[in-house]
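Read the structure below first, then the notes.
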Amino acid sequence: MLNKYARAFFTRVLTPFAALLLRWGVSPDAVTLIGTAGSVAGALVFFPRGEFFWGVITVTLFIFSDLVDGNMARQAGRSSKWGAFLDSTLDRVADAAIFGGLAMWYAGGGNDDLLCAVAVFCLASGQVVSYTKARGEALGFPVNVSGLVERAERLVISLTAAGVAGLHTFGVPYVEWLLPVALWVVAAGSLVTVAQRMLTVRRESAELEAAAAAEGVK
Ligand SMILES: CCCCCCCC/C=C\CCCCCCCC(=O)OC[C@H](COP(=O)(O)O[C@@H]1[C@H](O)[C@H](OP(=O)(O)O)[C@@H](O)[C@H](O)[C@H]1O)OC(=O)CCCCCCC/C=C\CCCCCCCC
Ligand SMILES: Nc1ccn([C@@H]2O[C@H](COP(=O)(O)O)[C@@H](O)[C@H]2O)c(=O)n1
Ligand SMILES: [Mg+2]
Ligand SMILES: [Mg+2]
C-alpha cells in the first residue's frame with residue numbers, strides 16, 4: 001500500500017537531492033552500499049543496547065537511500081538488472097540487521113524470550129515474504145499481488161514504534177509497550193502476506209497449467 005501511494009510523493013521530494021548526488025559524481029550503487037552499511041551499523045550499534053531513539057534516527061536517515069538509489073539510476077538512464085539485484089539483496093541485509101538488533105535487545109538487556117522470538121519471527125517471515133515474490137517471478141509467474149505487509153510497512157510500523165518507545169529513556173512515560181505491539185503486528189501481518197503470495201503463485205500456476213492443457217487439446 002505504502003509502496004503504491006507514498007512512492008510518488010517521495011519520488012517528487014527526493015528527485016532534486018538525487019540529481020545533486022549525480023552532479024557530484026556519486027553512483028547509484030555507492031548510495032545503495034553506503035545506505036545499507038549505515039542502516040546495518042545504526043541497527044546493530046544502538047538496538048542491542050536498547051537505545052531505540054538514536055537507532056531509529058540513524059537507520060531512518062540511511063534507509064531513505066533505498067528510495068534515492070533507484071531515483072538516481074532512473075534519472076541517469078542507468079537502471080540495470082545488476083542494480084535491481086544489488087538493491088533487493090542489500091534490502092534483505094538491512095532488514096536482517098534491524099530485526100536482528102531488536103532480537104538481540106530482548107535476548108540481552110530487554111530480557112524477554114518471547115519478544116526475542118517474535119523479533120526473530122519478524123526477521124525470518126520478512127525474508128520469506130520477499131523470497132516468495134523473487135522465486136515466483138524467477139519461475140515465470142507474474143506474482144500479481146503485493147500483500148498486506150510489504151517491506152515499507154514492516155519498516156514504518158517497526159521503526160516508528162521503536163523510535164517512540166525509545167523516548168522512554170528521556171523520561172516519557174507509557175511508551176515502551178509500543179514496540180512489542182508493533183512486533184506482534186508485523187509478525188502477524190508478514191504471516192498473512194506469505195499466505196497471500198503463496199496462494200497467488202498457486203493460482204497462477206494452476207491457471208498456466210490449465211491454459212497449457214487447453215492448448216494441448218486443440
Ligand atoms: C518521536 C520521534 C520518534 C522517531 C520517529 C522516527 C520516525 C521514523 C519512522 C519511520 C521511518 C521509516 C522509514 C522507512 C522508509 C522506507 C523506505 C524504504 O526502504 O522503502 C523501500 C520500499 C521498497 O523499495 P524496493 O522496491 O527497493 O524494494 C523491494 C522490496 O524490498 C520488496 O520486498 P517485499 O515487499 O517483497 O518484502 C522486494 O521484494 C523487492 O525485491 C525490492 O526491490 O519503497 C517503498 O515502498 C516506497 C514507499 C516508502 C514509503 C516510506 C514512507 C515512510 C515515511 C515516513 C514515515 C512517517 C512516520 C512518522 C512517524 C511519526 C512518529 C511520531
Ligand atoms: N544501485 C541501483 C539501485 C537501483 N537501481 C534500479 O532502481 C530500481 C529500484 O528502485 P527503487 O526506487 O526501489 O530504489 C531497481 O529495480 C533498478 O532498476 C539501479 O539500477 N541501481
Ligand atoms: Mg532502492
Ligand atoms: Mg530496495
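Any value given below was found using the heavy atoms of this structure, including those in side chains, with hydrogens, waters and symmetry copies removed. Fair warning: this is a prediction, and the values are worked out from it, not measured in the lab. In listed order, ligands and their atoms are each counted from 1.
- Among heteroatoms of the N, O or S kind in Asp69, OD1 lies nearest the Mg ion (ligand 3).
- Under the 30°/60° scheme for interplanar angles, the aromatic rings of Phe170 and Trp54 are found to stand perpendicular.
- Every residue was checked against the side-chain hydrogen bond (donor to acceptor under 3.5 Å, both in side chains) condition with Ser39, not counting sequence neighbours, and none meets it.
- When each atom of ligand 2 is checked for a heavy atom of Ala73 under 4.0 Å away, the hits are 5 (N), 19 (C), 20 (O).
- Thr15 and Asn71 are linked by a side-chain donor-acceptor pair at a separation below 3.5 angstrom, with hydrogens and angles left out of the test.
- Using a 4.0 Å cut-off between heavy atoms, Arg7 contacts ligand 2 through its side chain alone, with no backbone atom that close.
- Atoms of ligand 2 found under 4.0 Å from any heavy atom of Ser80, numbered from 1 in the order shown, are 17 (C), 18 (O), 20 (O).
- Residue Arg78 has at least one heavy-atom neighbour below 4.0 Å for each of these atoms of ligand 2: 20 (O).
- With a 4.0 Å heavy-atom cut-off, ligand 2 is reached by the backbone of Asp29 and by its side chain too.
- Applying the 4.0 Å criterion to heavy atoms of Ala84 picks out, from ligand 2, the atoms 15 (C), 16 (O), 17 (C).
- Considering the Mg ion (ligand 4) as centre, the angle to OD2 of Asp91 and to OD1 of Asp87 is 100° (10° rounding).
- Counting heavy atoms under 4.0 Å from ligand 2, residue Ser79 touches it through both backbone and side chain.
- With ligand atoms numbered from 1 in the order given, ligand 2 contributes 1 (N), 2 (C), 3 (C) to contacts under 4.0 Å with heavy atoms of Thr32.
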Evaluate Asp112 against Trp105 for side chain to side chain donor-acceptor pair (under 3.5 Å), listing each step before the verdict. CA-CA 9 Å; Asp112 191 321; Trp105 161 247; over 6 Å; no
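- In summary, Asp66 places an N/O/S atom under 2.8 Å from the Mg ion (ligand 4), meeting the contact criterion.
- If you look at Phe46 and Phe53, their ring centroids are not closer than 6.0 Å.
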Arg92 vs Ser130, test: side chain to side chain donor-acceptor pair (under 3.5 Å). Steps then yes/no. CA-CA 8 Å; Arg92 308 288 83 80; Ser130 306; 3.2 Å; yes
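- With hydrophobic clusters built from ILVMFWY side chains whose heavy atoms lie under 4.5 angstrom apart, Phe64 shares a cluster with Met72.
- Not counting sequence neighbours, the partners of Arg12 by the side chain to side chain contact (heavy atoms under 4.5 Å, CB included) test are Phe9.
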